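Structure record follows, encoded as structure tokens.
FYI, the numbering just counts along the sequence from 1. For clarity, every value in this text was computed on a predicted model and none was experimentally measured.
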Amino acid sequence: MCGIVGAVAERPIVEILIEGLRRLEYRGYDSAGVVVLDQQGNTSCIKREGKVEVLAKAVKEQSPQGTTGIAHTRWATHGVPSERNAHPHQSGNRFSVVHNGIIENHEELRKSLSADGYTFNSDTDTEVIVHLIHKLSAVCPDLRSAVFAATQQLVGAYGMAVVDSQSPGQLVVARSGSPLVIGYGLGEHFVASDQLALLPVTRRFAVLEEGDVARLTKESVSITDASGEPVSRPIKESDITADAGGKAGYKHYMLKEIFEQPEAIRRTLQGRIVDGKVAEDAFGHGSVELFKTIKHVQIVACGTSYNAGMVARYWIEQYVGISCSVEIASEFRYRKSFVHKDSLLVTLSQSGETADTLAALRLAKSLGYSASLTICNVETSSLVRESDLVYLMKAGPEIGVASTKAFTVQLAALLLLSKALCEAKSINQYFCEEAAQALNALPGHMEQAFSLEHSIKALSEQFADKKHALFLGRGDQYPVAMEGALKLKEISYIHAEAYAAGELKHGPLALVDADMPVVVVAPNNELLDKLKSNIEEVRARGSVMYVFADSDDHFESEPGLDVVNMAHANHLIAPILFSIPLQFLSYYVALVKGTDVDQPRNLAKSVTVE
Ligand code: G6P
């Protein structure tokens, strides 16, 4: 989704802004722009549709000079992707604004600002902000108060950065619903929607809270809270290295992130299993006492994180013996749901900023849940800051839009959560011991699964001309099939659907023919024989099948049936391990099709608008 970078310094900052935008490219965007001001307030604005490199080229040609500036990558919500709709938006040759989020009352504001004589040059909701600030500047003593006054009239979500050519040498930024961090340098200050953008220039960050407005000059940063009172926000040193966003020699971030999975799991479990038991504070202070009382788990998430939650439902109900529901956050937040007694709300999120998941958490706080737990990959995120309990994943930055390592790390954390619930309740010791052993062995098994890369690469050629694909699984492998289908559609644009294999004859079987590859996830478990019957039903209809099987499943490749054998591992970690060949499959199909693997069309990494 949209990205913001801003800087105020002694030195020229345009290159810092462009590099910041490059580092935000992974979030997904369709146009980009920059405004820089020199010390006299002379302002240059350059915007382009398309990639940051197109903007960078234009910037190089025009070489604008400036020591203060703001820049943006836009992911269209209101108004098509175009240069005219790209940010920054400007008012009266004086104010410039970049904005993430959606202003819900933009139509009403547009009408009243137009009646006041402001001319609109774009179709965006954002443009109302800049004209509103312009209008309010006539009655406000300075830029900060004009921005604060404007925020009082905005309904919706925003992270914004504003400059005024009549007061160069300062940036005013405001946050409500869309994250912003302030970066502290020596004699220079920065702002960004994601600290990754600023790692080449600083490692010291403060996260703005909801309703904060901050004024940045090169010498100082002053912050006021939602009521306009001065506040200070803690400055923390980031432990992410500046090159964490690099591809480390891989062709794509996605491939790099697939191979990072064993290490990400090791880091995520480190110190959290002690002598075979879940460490006391692994899920946050007081979690053990709380878990003793929990009788229901409600999981809420979006996208890949939702699929991880679906796997956890099988584990929690089977091993902990309590009920577990899983719901897509955008549905949960808009319906009246039943809250079970002694219920734990669990949000799953790689980014911790997904708008619907965050809204679901905020809603749940008023609904009577015993507590909220988030399993999240970003320490500074809103979900982490607003949840009662936190299990921080240590997957490292995930840049590829198609989530890979975050999914498997979430699954490992959810298996650990099932174990922690059992331990707190002093039940199912057999499962607790088995889970500890299986999790410890997991990174090694993942490394073994990487040996399948080349055979899957060869298979992927056969998908190149296909328009549709079906993924089948049973039990805890059904959500793995869902995730496999999601990956394929996200990055190769092949329409893919997942079905619980038993549901096949209730509809999807009608679609099966030689042009519809069917992918089956088939570990050796108690449902294997049932799955084998489903496979026969499909084969009898002339389909081409790809079966990812355990080596002891006794499947043989033959015409119309390609078998990829996985080394056998404990059934508890099978959903995690079987995800790997499906990740390779989607990656190599996308490669064959020549799509943009890391930044698939229309998608964003962090979905901060609903
Ligand atoms: C977007 C991303 C997906 C991700 C989903 C939820 O759609 O492209 O990869 O699974 O958001 O994101 P979250 O950060 O909450 O896990």
Side-chain angles (χ1 to χ4, degrees), residues 2-27 29-74 81-100 121-122 124 126-127 130 143 160-173 183 185-194 196-202 216-219 242-243 245-246 599:
C2 307
I4 289 177
V5 194
V8 50
E10 187 65 45
R11 56 176 167 157
I13 45 75
V14 71
E15 262 315 307
I16 295 173
L17 298 180
I18 297 293
E19 178 56 21
L21 292 187
R22 284 193 187 102
R23 297 172 71 88
L24 293 180
E25 281 193 289
Y26 77 97
R27 296 168 67 97
Y29 69 101
D30 42 57
S31 53
V34 60
V35 151
V36 291
L37 282 71
D38 67 16
Q39 281 165 1
Q40 287 68 50
N42 298 310
T43 305
S44 320
C45 179
I46 306 173
K47 311 199 264 190
R48 289 293 180 271
E49 190 184 339
K51 295 283 180 191
V52 169
E53 280 323 302
V54 181
L55 177 72
K57 191 163 169 265
V59 164
K60 202 166 173 205
E61 280 160 15
Q62 299 182 29
S63 59
Q65 297 303 310
T67 49
T68 302
I70 52 179
H72 192 256
T73 46
R74 171 174 188 255
S82 65
E83 195 167 310
R84 167 183 138 79
N85 288 331
H87 303 205
H89 291 288
Q90 296 185 294
S91 187
N93 262 337
R94 184 175 161 191
F95 296 94
S96 305
V97 167
V98 292
H99 161 231
N100 289 357
N121 297 310
S122 78
T124 64
T126 299
E127 199 180 343
V130 72
L143 182 61
M160 68 170 94
V162 188
V163 289
D164 172 7
S165 62
Q166 289 190 13
S167 48
Q170 67 168 337
L171 289 180
V172 175
V173 305
L186 280 178
E188 52 191 21
H189 292 107
F190 310 93
V191 65
S193 48
D194 179 334
L196 272 186
L198 300 176
L199 287 172
V201 283
T202 183
L216 285 66
T217 65
K218 57 186 186 338
E219 295 88 10
D243 66 356
Q599 291 166 38

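- For the residue pair Gln90 / Ser96, a side-chain donor-acceptor distance below 3.5 Å is found, with atom types taken as modelled.
- With Gln599 as the partner, the side chain to side chain donor-acceptor pair (under 3.5 Å) test is satisfied by one option alone out of Glu25, Lys51, Arg27: Lys51.
- The list of ring-ring contact (aromatic ring centres under 6.0 Å, His included) pairs with a residue in residues 39-58, not counting sequence neighbours, is empty.
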Inset, instruction - Check the pair Val162, Val173 against side-chain contact (heavy atoms from CB on, under 4.5 Å), reporting the backbone distance first and the verdict last. - result: CA-CA 6 Å; Val162 188; Val173 305; over 6 Å; no
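- Val5 has its side chain out of reach of Ile70: every pair of non-hydrogen atoms, C-beta onward, lies at least 4.5 Å apart.
- Once rounded to the nearest 0.5 Å, the distance linking OG of Ser122 with NZ of Lys47 reads 7.0 Å.
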Note to self: Go through it in stages, so that I can follow the logic: the residues are Glu53 and Arg22, the test is salt bridge (Lys or Arg N to Asp or Glu O under 4.0 Å), and I'd like the CA-CA distance, side-chain angles, deciding distance and then a yes or no.
What the structure shows: CA-CA 8 Å; Glu53 280 323 302; Arg22 284 193 187 102; 2.6 Å; yes
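- A side-chain donor from one of His72 and Asn100 sits under 3.5 Å from a side-chain acceptor of the other.
- Contact between Val8 and Gly169 at its shortest, heavy atoms only, is CG2-O, 3.5 Å.
- Checking Gln170 against Lys218 by side-chain atom types alone, no donor-acceptor pair falls below 3.5 Å.
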Could you pull out every donor-acceptor pair under 3.5 Å between side chains of residues 30-39 and any protein atom, sequence neighbours left out?
residue : atom : partner : partner atom : Å
Asp30   : OD2  : Ala76   : N            : 2.8
Asp38   : OD1  : Gln40   : N            : 2.9
Asp38   : OD1  : Gly41   : N            : 3.0
Asp38   : OD1  : Asn42   : N            : 2.9
Asp38   : OD1  : Asn42   : ND2          : 3.4
Asp38   : OD2  : Asn42   : ND2          : 2.9

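- No donor-acceptor pair closer than 3.5 Å links the side chain of Glu10 to the backbone N or O of Gly187.
- Minimum heavy-atom separation, Ile18 to Ala56: CG2-CB, 3.8 Å.
- Side-chain atoms of Thr68 and Ile13, non-hydrogen and from C-beta on, never get closer than 4.5 Å to each other.
- Atoms CD and CZ, on Glu83 and Arg74 in that order, are 12.5 Å from each other to the nearest 0.5 Å.
- Put simply, the side chain of Asp194 reaches to within 4.5 Å of the side chain of Tyr26, judged on heavy atoms.
- One finds the CG atom of Leu55 at 12.5 Å from the CD atom of Glu49 (value rounded to the nearest 0.5 Å).
- Taking 4.5 Å as the limit, some side-chain heavy atom of Arg11 sits within range of a side-chain heavy atom of Ile16.
- Of the residues Ser44, Pro12, Cys45, the one that meets the side chain to side chain contact (heavy atoms under 4.5 Å, CB included) test with Pro64 is Ser44.
- At a threshold of 4.5 Å between non-hydrogen side-chain atoms, the residues Gln166 and Arg94 count as touching.
- His87 contributes a side-chain N or O that, together with a main-chain N or O of His99, makes up a donor-acceptor pair within less than 3.5 Å.
- Rounding to the nearest 0.5 Å places CG of Leu198 at 7.0 Å from CZ of Phe190.
- Tyr29 places no side-chain N or O within 3.5 Å of a backbone atom of Leu21 that could act as its donor or acceptor partner.
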**Q.** Verdict with reasoning, Ser165 to Asn93, per side-chain contact (heavy atoms from CB on, under 4.5 Å)
**A.** CA-CA 8 Å; Ser165 62; Asn93 262 337; over 6 Å; no
- prompt: Given the rule in the side-chain contact (heavy atoms from CB on, under 4.5 Å) test, do Asn121 and His89 qualify, once you have shown the distances and angles that lead to the verdict?
  reply: CA-CA 9 Å; Asn121 297 310; His89 291 288; over 6 Å; no
